[in-house]
There are 2 protein chains.
Amino acid sequence: MAIRDTMELLSGKWKIQIIGALMQKGTLRFMDLLREVDGIAAKMLSKELQELEINELVRRTVCNTKPITVEYEITTYGKTLEKVIGEIAQWGDEHRKRLFRKAK
Amino acid sequence: MAIRDTMELLSGKWKIQIIGALMQKGTLRFMDLLREVDGIAAKMLSKELQELEINELVRRTVCNTKPITVEYEITTYGKTLEKVIGEIAQWGDEHRKRLFRKAK
DNA sequence: CTGGATCCGGCAGGATACTG
DNA sequence: CAGTATCCTGCCGGATCCAG
């Protein structure tokens with residue numbers, strides 16, 4: 001089933017959020033992502049980024065600055081996920097509004 | 001972040017697939033879902049369905065037949081997820097095609 | 001700064017058996 | 001048929017320390 005394929009690529013607690021951050025902000029360094037994706041640990045960020053890179057959703061570029069910095073950005077292929085993630089974000093947004101309405 | 005809200009509701013290995021099945025087929029009984037959602041165990045199906053019911057994405061109806069049967073269906077609120085899940089399924093579909101193209 | 005190595009606890013989730 | 005109870009396991013992911 002197609003849904004399984006998608007969810008497998010996006011498995012893990014953080015991948016969608018990472019992609020979401022990169023989609024919003026464009027190119028980001030490791031440190032930026034660490035700040036942007038709230039609550040993630042360096043090890044997890046590293047691991048999730050590797051998996052995203054393997055699946056060609058994210059491109060990793062090492063800059064020979066001193067000290068080394070690394071930039072991450074969405075690939076053109078990764079950008080095909082934009083619609084999906086956009087929908088997810090939007091739905092969550094309206095879901096929140098709904099909860100707020102019910103609260104009072 | 002909105003994405004977190006969405007993914008929390010849809011957390012677990014099976015929820016999206018369950019919703020997907022219900023979206024396609026309409027109302028389904030427990031047994032039907034067990035067959036429809038390939039690979040899921042009864043315990044998991046039961047648990048995920050409960051969580052979906054709590055979040056008002058799915059409605060549970062007990063029919064007093066003999067023996068008892070229970071029907072599940074997407075709520076109108078759950079149907080607002082249609083676009084999201086549709087996008088996921090479609091993307092997975094094209095992702096598969098892409099993999100196939102690269103394979104040869 | 002960017003990560004790899006290690007250690008570790010919790011819990012998601014599978015198998016099986018049982019109940020109303 | 002529609003679950004619940006129980007047990008067991010892997011591995012996800014957090015904390016911490018180390019290295020280039």
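Numbers restart at 1 for each chain; the letters A, B, ... are given by sequence-line order, proteins then strands.
We find that CD of A:Glu51 is positioned 11 Å from C1' of D:dC12, with the value rounded to whole Å. Note: NZ (B:Lys47) to P (D:dT4) measures 12 Å, nearest angstrom. Between the CZ atom of B:Phe30 and the P atom of C:dG20 there is a distance of 18 Å, rounded to whole Å. Distance, A:Glu48 CD to C:dT2 P: 17 Å, rounded to whole Å. Straight-line distance from the CG atom of A:Asp38 to the P atom of D:dG14: 12 Å, rounded to whole Å. B:Leu49 has its CG atom 14 Å from the C1' atom of D:dC1, to the nearest Å. As a whole-Å value, the separation of A:Met7 CE from D:dC12 P is 15 Å. Following rounding to the nearest Å, B:Arg29 (CZ) and D:dG3 (P) show an atom-to-atom distance of 12 Å.
A:Thr6 places no side-chain N or O within 3.5 Å of a backbone atom of B:Trp91 that could act as its donor or acceptor partner.
The side chain of B:Ser46 places no N or O atom within less than 4.0 Å of a non-bridging phosphate oxygen (OP1 or OP2) of D:dA2. The phosphate of D:dG3 has OP1 or OP2 within less than 4.0 Å of a side-chain N or O from B:Tyr72. Residue A:Gln50 has a polar side-chain atom (N or O) positioned under 4.0 Å from OP1 or OP2 of C:dG4.
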If you apply the rule side chain to side chain contact (heavy atoms under 4.5 Å, CB included), what do you find for A:Leu81 with A:Leu10, and how did you get there? CA-CA 10 Å; A:Leu81 272 173; A:Leu10 270 29; 4.1 Å; yes
Given side chain to side chain contact (heavy atoms under 4.5 Å, CB included), test B:Ile16 with A:Met7 step by step and report yes or no. CA-CA 9 Å; B:Ile16 300 194; A:Met7 296 320 286; 3.5 Å; yes
A:Lys15/A:Ser11 under side chain to side chain contact (heavy atoms under 4.5 Å, CB included): CA gap, chis, key distance, verdict: CA-CA 7 Å; A:Lys15 289 204 186 65; A:Ser11 73; 3.9 Å; yes
Give the C-alpha distance, both sets of side-chain angles, the deciding distance and a yes or no for side chain to side chain contact (heavy atoms under 4.5 Å, CB included) between B:Met23 and B:Ile85. CA-CA 9 Å; B:Met23 267 173 34; B:Ile85 306 220; 4.2 Å; yes
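For the strand DNA chain C, secondary-structure stems (runs of at least three Watson-Crick or G-U pairs, all distances below 3.5 Å) span C:1-8 with D:13-20, C:10-20 with D:1-11.
A distance of about 22 Å separates the C1' atoms of C:dG9 and D:dC18, rounded to the whole Å.
The CD atom of A:Gln24 sits 11.0 Å away from atom CD1 of A:Ile74, with the distance rounded to the nearest 0.5 Å. In this structure, CD in A:Glu36 is found 12.0 Å from CD1 in A:Ile18, a value given to the nearest 0.5 Å. Taking NZ of B:Lys79 as the reference point, atom CG of B:Leu57 lies at 12.5 Å (rounded to 0.5 Å).
Around atom CD of B:Glu8, no more than 12 heavy atoms belonging to other residues, nucleotides or ligands sit under 6.0 Å away.
Relative ring orientation between B:Tyr72 and B:Phe30 is described as tilted, the plane-to-plane angle lying within the 30° to 60° band.
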All N/O contacts under 3.5 Å from nucleotides 14-17 of chain C to the protein, with atom names and distances to one decimal?
residue : atom : partner : partner atom : Å
C:dG14  : OP1  : B:Lys13 : NZ           : 2.6
C:dG14  : OP2  : B:Trp14 : NE1          : 3.3
C:dG14  : O6   : B:Lys43 : NZ           : 2.3

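Between B:Asp32 and B:Arg35 there is a salt bridge, since at least one side-chain N of the basic residue sits less than 4.0 Å from a carboxylate O of the acidic one.
The one candidate from B:Leu33, B:Leu52, B:Val37, B:Ile19 that meets the side-chain contact (heavy atoms from CB on, under 4.5 Å) condition with B:Trp14 is B:Val37.
DNA chain C lies under 4.0 Å from no heavy atom of any residue of residues 59-70 of chain B.
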